[in-house]
Engineer: 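Below are the C-alpha cells for one structure; questions will follow.
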Amino acid sequence: MSTTQKAFYLTTPIYYVNDAPHIGHAYTTVAGDVLTRWHRQRGESVWFLTGTDEHGQKVMRTAHDNGVAPQEWVDRLVANAWKPNWAALNIANDDFIRTTEVRHTERVQKFLQGLKDDGFIYSGKYQGPYCVGCEEFKLPGDLIDADGEKLCPIHSKPVELVDEENWFFKLSAFVEPLLEHYRNNPEACQPESARNEVVSFLEGGVSDLSISRSTFDWGIPVPWDTKQVVYVWFDALLNYATAVGLTDDPDSPGGKKFAATWPADVHLVGKDILRFHAVIWPAMLMAAGLAVPKKVFAHGWLLVGGEKMSKSKLTGIAPSDITDHFGVDAFRYYFLRAIPFGSDGSFSWEDMHARYTSELANDFGNLASRLSAMVEKYCAGVLPAVARDADLESALSTATAKADSAICELDFQGGINAVMDFCKRVNGYVTEKEPWILAKDPKNQQQLEDVLYNTAESLRALAVLLNSVMPATCEILWQSLGAQDVLGDLNSQKIGNVATWGQLPVGAKITKTAVLFPRLELAE
Ligand code: MSP
C-alpha cells in the first residue's frame, strides 16, 4: 500500500488564449488560489493547477486574423499576458499546463488510443450547428432565433453548420452510470442548482459525442487517423489528468504523481462550462476505468449590464483596470466577499469603493494602524504584557470554526464574513475600552497593556485568517506585529492553531508600517 498522502488537488479551467485575461477569468483563478492557500494552511499537501487551452478554431482564427501562426500567437499571449497576469495577482499555482506542450499532446493520444482499443470510439457522420465561441456542438433547441438566423445564446453570434466524417465517443453509454454517480454523491456537483441542471440534462438523454474534426489542423492529431485533430474540448478536459501523469507507467515519476494526486478534489468552473465537466469529463474517465473527480463546482458569472461580461461583447474589464486603483489584495477580496460563490454578480465601481472603504480601510487597516500607533506611543513599540480576554478568545474560536467550514465548502463569502465579523468585534472592543483614555492615568497601566495585548493578539489571528485572501497585506501586518521573529513565516501558521490565545510573547516589537489600505477617491 502506498504511504504517500494524497494531495488536495484543485484545478481552474484552462483559458482560451484568443485574448488577454479579463476579470471573469481572474475570478475563478483567485477563488482557486484562496482555497488552495487555505488548505495549505490547514497543513494539507496541495496541488493547484491552472493553464491555457490553445487549440481549436477560436484560437486558430484569432491568430490568423492577427496575421501570425497559431503557435506563435499562443506563445506570445501566454508569455506576455497570461503568466504575468497570474503573477501580478499573486496566484501561487504549483503547475501551469499548456495544451500545446508535448507532455499533454502525447498523453492525450495515448489515452484516446486506449479508448479506441477498448471499443469506446467509432467513426460516424456529424451534422449540426457549432458555436466557435463556445467550441461546442449545439442542439437546435439550445439556439435563439434572431429574424430567422440561429444564434448562440451565450455569444449572441451565428452558429456554423458542421458536416463532417468524424470519430465519436460513446457518451450515451454513460448516462445511467452518471445519474447513479450524482444520486449517490450529491457533493460531486455543486451548488445544488448546478447538480439539478446536470441531472435533468442527463435525464433528457444524451447523444454520442463527435471528438474529432477534419476541416482544420490546429489540434492534436488523432493517432490512428492523422488527417483529423482531436475536438478541442476532448483535448482540453484531459489537461487535468495529463498534467499529473495520466497514462504513465505506475512506477515512473509521472505515474507516482498521478497516484498521489488523482482524482481531483475540486474542478472550479464557470456555469457555462458545467456540462463539459459534469457530463463529458466523468464519462471519459469512466470509460478509461479511472476515478471521477470528487467535486465540480460551478460558479456564477460576473455581469456587466446584466449580461455575462466578455471580451467578445466588448464588456471585458482587465484585472489591472481595477488593481491599478484598488490594489491586488482588495481585488482578491472584493469578488469573493461581495458575490455568493455560485450566483451571478454585477461589478460596480461604487460598490467596490464602498466595501474597500468600510471593510478594508476602516475595519481592518485602521485597526492595525491604531494598534501600532498606540503601542509606539504608550509602550515604546514593545508589547509589555501577555493578557487574555475570554470574550475575544471565544469570538475568535467561533470565527475560525465558521470560516474553516465555510471555506472548505467553497462558501467564500460566508468564510470571509465570519473573519470580518471578528474584526468588527475587535474594533468594538478597542472603542469600548478606550485605551487613549486609560493612558491618561498611570493607575490604569495594567488595563492599558491588556487592551493592547488583546488587540495585537487579535490582529495576529486576523493576519493568519485573511492570509489566503490578501497575502501581501497580511504579510505586512505580520511583520508589523513582530510575529515573524517569534512565530516564523506567516504561510506556515496553521488554521488549526490560530485560535490558541497568547502566541505573541512579551517583548514582541510592533512597528508602524505603510497604511494597509490607503483612502481612495471614487474612480472617475
Ligand atoms: N477553454 C475553456 C475551458 C476548458 S477547461 C478544460 C473555456 N475557456 S474560457 O477562457 O472561455 O473561460 C474560462 C472560464 O472563465 C470559464 O469557467 C468561464 O465561466 C469563466 N468566465 C469567462 N467569463 C466570465 C464571466 N464574465 N464571469 C465569470 N466567469 C467567467 O471555457
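As the structure lists them, so they are numbered: ligands from 1, and atoms in each ligand from 1. Because the structure is a prediction, the values reported are computed rather than measured.
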Engineer: Record the part of Tyr240 in heavy-atom contact with ligand 1 below 4.0 Å; permitted values are side chain, backbone, both and neither.
Structural biologist: side chain
Engineer: Give the atoms of ligand 1, by number and element, whose distance to some non-hydrogen atom of His22 is under 4.0 Å.
Structural biologist: 22 (C), 23 (N), 24 (C)
Engineer: Looking only at protein heavy atoms, which one is nearest to atom 27 (N) of ligand 1, and what is the separation?
Structural biologist: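 Scanning the protein heavy atoms, the shortest distance from atom 27 (N) of ligand 1 goes to Leu302 N, 2.8 Å.
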Engineer: Side chain, backbone, both or neither: which applies to Asp53 and ligand 1 if a contact is any heavy-atom pair less than 4.0 Å apart?
Structural biologist: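 Answer for Asp53: side chain.
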Engineer: Pick from Ile97, Val74, Val78: which one makes a side chain to side chain contact (heavy atoms under 4.5 Å, CB included) with Thr52?
Structural biologist: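 The option that passes is Val78.
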Engineer: Determine whether the aromatic ring centres of Trp86 and Tyr15 lie less than 6.0 Å apart.
Structural biologist: yes
Engineer: For the residue pair Lys257 and Trp47, would you count it as a cation-pi contact if the rule is NZ or CZ under 6.0 angstrom from the ring centre and within 45 degrees of the ring axis?
Structural biologist: yes
Engineer: For ligand 1, which atoms have a heavy atom of His277 less than 4.0 angstrom away?
Structural biologist: 5 (S), 6 (C)
Engineer: Please answer whether the main-chain N or O of Gln71 pairs with a side-chain N or O of Glu54 as donor and acceptor at a distance below 3.5 Å.
Structural biologist: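 Not confirmed, Glu54 side chain does not pair with Gln71 backbone.
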Engineer: Out of all atoms in ligand 1, which are within 4.0 Å of some heavy atom of His25? Include the element for each.
Structural biologist: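 Checking each atom against His25, I get 10 (O), 15 (O).
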Engineer: Does a salt bridge link Glu106 with Lys110, judged by any charged N lying under 4.0 Å from a carboxylate O?
Structural biologist: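 A salt bridge is absent here (no side-chain N lies under 4.0 Å from a carboxylate O).
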Engineer: Any nitrogen or oxygen of Val269, main chain or side chain, under 3.5 Å from a nitrogen or oxygen of ligand 1?
Structural biologist: no
Engineer: Any nitrogen or oxygen of Tyr16 lying under 3.5 Å from a nitrogen or oxygen in ligand 1? Just yes or no.
Structural biologist: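 Right, the criterion is met.
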Engineer: Using the benzene-type ring in the case of Trp, are the ring centres of Phe120 and Phe174 under 6.0 Å apart?
Structural biologist: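 Yes, the ring centres sit under 6.0 Å apart.
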Engineer: Using ring centroids (six-membered ring only for Trp), state whether Trp73 and His64 fall under 6.0 Å.
Structural biologist: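 No, ring centres 6.0 Å or more apart.
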Engineer: Give yes or no for whether the N/O distance cutoff of 3.5 Å, strictly under, is met between Ala236 and ligand 1.
Structural biologist: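 Checking ligand 1 against Ala236, no N or O pair falls under 3.5 Å apart.
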Engineer: Using a strict cut-off of 4.0 Å, indicate which atoms of ligand 1 neighbour a heavy atom of Met309.
Structural biologist: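 In order of number, 23 (N), 25 (C), 26 (N).
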Engineer: Counting heavy atoms only, which part of His299 comes closer than 4.0 Å to ligand 1: side chain, backbone, both or neither?
Structural biologist: side chain
Engineer: Give a yes-or-no answer on whether the side chains of Glu165 and Ser214 include a donor-acceptor pair shorter than 3.5 Å.
Structural biologist: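 Note: Glu165 and Ser214 side chains miss the donor-acceptor criterion.
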Engineer: Evaluate Asp272 for polar contact with ligand 1, using N/O atom pairs at a separation under 3.5 Å.
Structural biologist: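 Yes - when backbone and side-chain N and O of Asp272 are compared with those of ligand 1, one distance drops under 3.5 Å.
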Engineer: Under 3.5 Å between any N/O of Pro13 and any N/O of ligand 1: does that happen in this structure?
Structural biologist: no
Engineer: Relative to each other, are the rings of Tyr16 and Trp233 parallel, tilted or perpendicular (30° and 60° limits)?
Structural biologist: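 Tyr16 and Trp233: perpendicular rings.
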Engineer: Do ligand 1 and Ile273 have nitrogen or oxygen atoms that lie under 3.5 Å from each other?
Structural biologist: no
